[in-house]
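Here's the structure, in structure tokens; my notes come after.
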Amino acid sequence: MTAKPHRVVIVGAGFGGLETTYRLSGVPVEITLIDRRNHHLFQPLLYQVATASLATSDIAWPVRHLMRARREVTTLFATVNGVDAERRAVLLDDGSEVPYDTLVLATGVRHAYFGHDEWEQWAPGLKTLEDATTLRRHILVAFERAERETDPERRAARLTFVIIGAGPTGVELAGTIAEMAHHTLPGDFRNIDTRKARVVLIEAGPRVLAGFADDLSAYAQASLEKIGVEVVLGQPVTEVDRDGVVYGGQRLNAKTKIWAAGVRASPAAEWLNAPADRAGRVEVEGDLTVPGHPDVFAIGDTVTIPAWDGKPVPGIAPAAKQQGRYVANLIKARLRGEKLGPFRYKHAGSLAQIGKRLAVIDFGRVKLRGAIAWWIWGIAHIYFLIGLRHRLAVALTWLWIYVRDQRAARLITQGSSKVSG
């Protein structure tokens, strides 16, 4: 009688989940890959879709297409509602179950509004393609509404863009919106001068890009201010509503607000009653298993682990890929009856774009800034895209923006021209 193949269920087709799937190629396992979206998303460039630099198809790939040659992989377009660890089953939203021998949770994060979830309707975040196209609409509609507005105060509010949170996403959004207003759009409008748009980046902490070295942080702030971004530090936002924000006791009227200040992990810890940090990330064991569940792994943004010289592993794509690779190797080792040492993270560097010709890169001992950092940033991101067509398309798009200051993806979708708000 032929033994049944080992059943591996992977929840989440992000960087970690896909890496685990790829690395299990040729291993005698049956894989079920579950995601509530049908595509893998290159999240580091999501802000470029939101700011009309790239099209959605440039940074996303159908999961079924990626797995078409892997006959041992079954892809399910479904939402996971829980895990029955005792019966070793993943619970789906339609009431069905998927049994497993080994489970890998790579479920990512969602927005966190620090107890003010009501702010989300006025200050959307940026984690999905839907978020990106919604933000693109908000940004482009703001200029269109301003073109028709005759009241100076209301026009100013429509031309004010507030980004809350000065991490890499906030910095990249602020810089790109400012450049779009100052260089891409001025010739397109007749009644407004888009160069008068205000882009305000608000950070509760003492500096932008807190995860970078002090000198790179200072350079990033100076560069943002040079291209027209107003940087506000040490001032937490205390109120967000339809018409603006309140910070430092003062009100700023702004129709477009973007949340880039915090994230919360998926409910993976709740599914397994596992220990978690304040952001809901599972506190995993050294081998990335969930405490008390040696057959369940958690990776990527879903987890926290001090595997970076005693520091927590950052929630970035390279870290998720390293964890996915480790988990695949450990599964292979277990099937051979072997053991593997604990996971160790190797940091390849931190990168952030400030503008179309400006970036900062922190490799630890080596730190780069300015144009050379921008070119390296671009090459690195193009390298990690999937497929030659996507790499060429993004490279040509960036070259066109670099030379002509034109962004071809300025399409307003998901609504009509009817004035509201």
Side-chain angles (χ1 to χ4, degrees), residues 5-37 40-41 43 63 66-67 70 72-92 97-109 265-276 280-305 307 313 315 317-336 339-340 342-343 345:
H6 190 85
R7 299 169 298 180
V8 178
V9 174
I10 300 172
V11 182
F15 290 104
L18 273 193
E19 187 70 15
T20 305
T21 307
Y22 287 147
R23 297 287 175 166
L24 287 175
S25 178
V27 180
V29 296
E30 285 184 353
I31 301 173
T32 302
L33 180 58
I34 307 172
D35 200 290
R36 61 180 178 176
R37 290 182 171 80
H40 168 70
L41 176 64
Q43 211 169 54
V63 177
L66 297 176
M67 295 296 126
R70 298 284 300 279
E72 82 281 17
V73 178
T74 298
T75 300
L76 296 184
F77 176 48
T79 298
V80 173
N81 278 349
V83 175
D84 189 328
E86 186 175 340
R87 295 192 299 112
R88 290 187 173 183
V90 174
L91 312 179
L92 304 184
E97 300 179 356
V98 180
Y100 66 84
D101 296 309
T102 296
L103 174 61
V104 182
L105 297 174
T107 46
V109 293
S266 71
E270 300 171 19
W271 296 341
L272 295 162
N273 195 26
R281 293 181 289 251
V282 181
E283 296 176 347
V284 292
E285 304 284 5
D287 61 357
L288 299 179
T289 57
V290 176
H293 302 281
D295 54 347
V296 180
F297 296 92
I299 61 176
D301 293 336
T302 309
V303 310
T304 179
I305 181 172
V313 175
K321 289 170 72 71
Q322 287 183 37
Q323 291 172 344
R325 189 180 314 130
Y326 171 87
V327 166
N329 289 336
L330 183 51
I331 291 172
K332 288 186 281 188
R334 285 182 174 183
L335 292 175
R336 295 191 301 263
K339 295 183 178 181
L340 205 62
F343 171 73
Y345 171 65

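Side-chain atoms are counted along with the backbone in the values below, which use heavy atoms only and exclude waters and symmetry mates. Bear in mind that the values here come from a model prediction, so they are computed numbers and not experimental data.
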Taking the side chain as every heavy atom from C-beta outward, state whether [X] and [Y] have any pair of such atoms under 4.5 Å apart.
X    : Y    : value
Q322 : F343 : yes
M67  : I31  : no
Y22  : L66  : yes
K332 : L24  : yes
Y326 : L340 : yes
D287 : L330 : yes
T32  : R7   : no

Spatial distance of atom [atom1] ([X]) from atom [atom2] ([Y]) [nearest 0.5 Å]:
X    : Y    : atom1 : atom2 : answer
I331 : D295 : CD1   : CG    : 10.5 Å
D301 : Q323 : CG    : CD    : 9.0 Å
T304 : E283 : OG1   : CD    : 6.5 Å

Hey, which of T102, V83, V290 is the one that makes side chain to side chain contact (heavy atoms under 4.5 Å, CB included) with V296?
V290
Partner set under salt bridge (Lys or Arg N to Asp or Glu O under 4.0 Å) for E97, not counting sequence neighbours:
R87
List for me each residue that meets salt bridge (Lys or Arg N to Asp or Glu O under 4.0 Å) alongside R336, sequence neighbours excluded, and say none if there are none.
E338
Name the atoms and distances for all side-chain donor-acceptor pairs under 3.5 Å in residues 8-20, with sequence neighbours left out.
residue	atom	partner	partner atom	Å
E19	OE1	K321	NZ	3.2
E19	OE2	R23	NE	2.8
E19	OE2	R23	NH2	3.2
T20	OG1	G16	O	2.9
T20	OG1	G324	O	3.3

State whether the number of non-hydrogen atoms from other residues, nucleotides or ligands found under 6.0 Å of R37 atom CZ is greater than 12.
yes
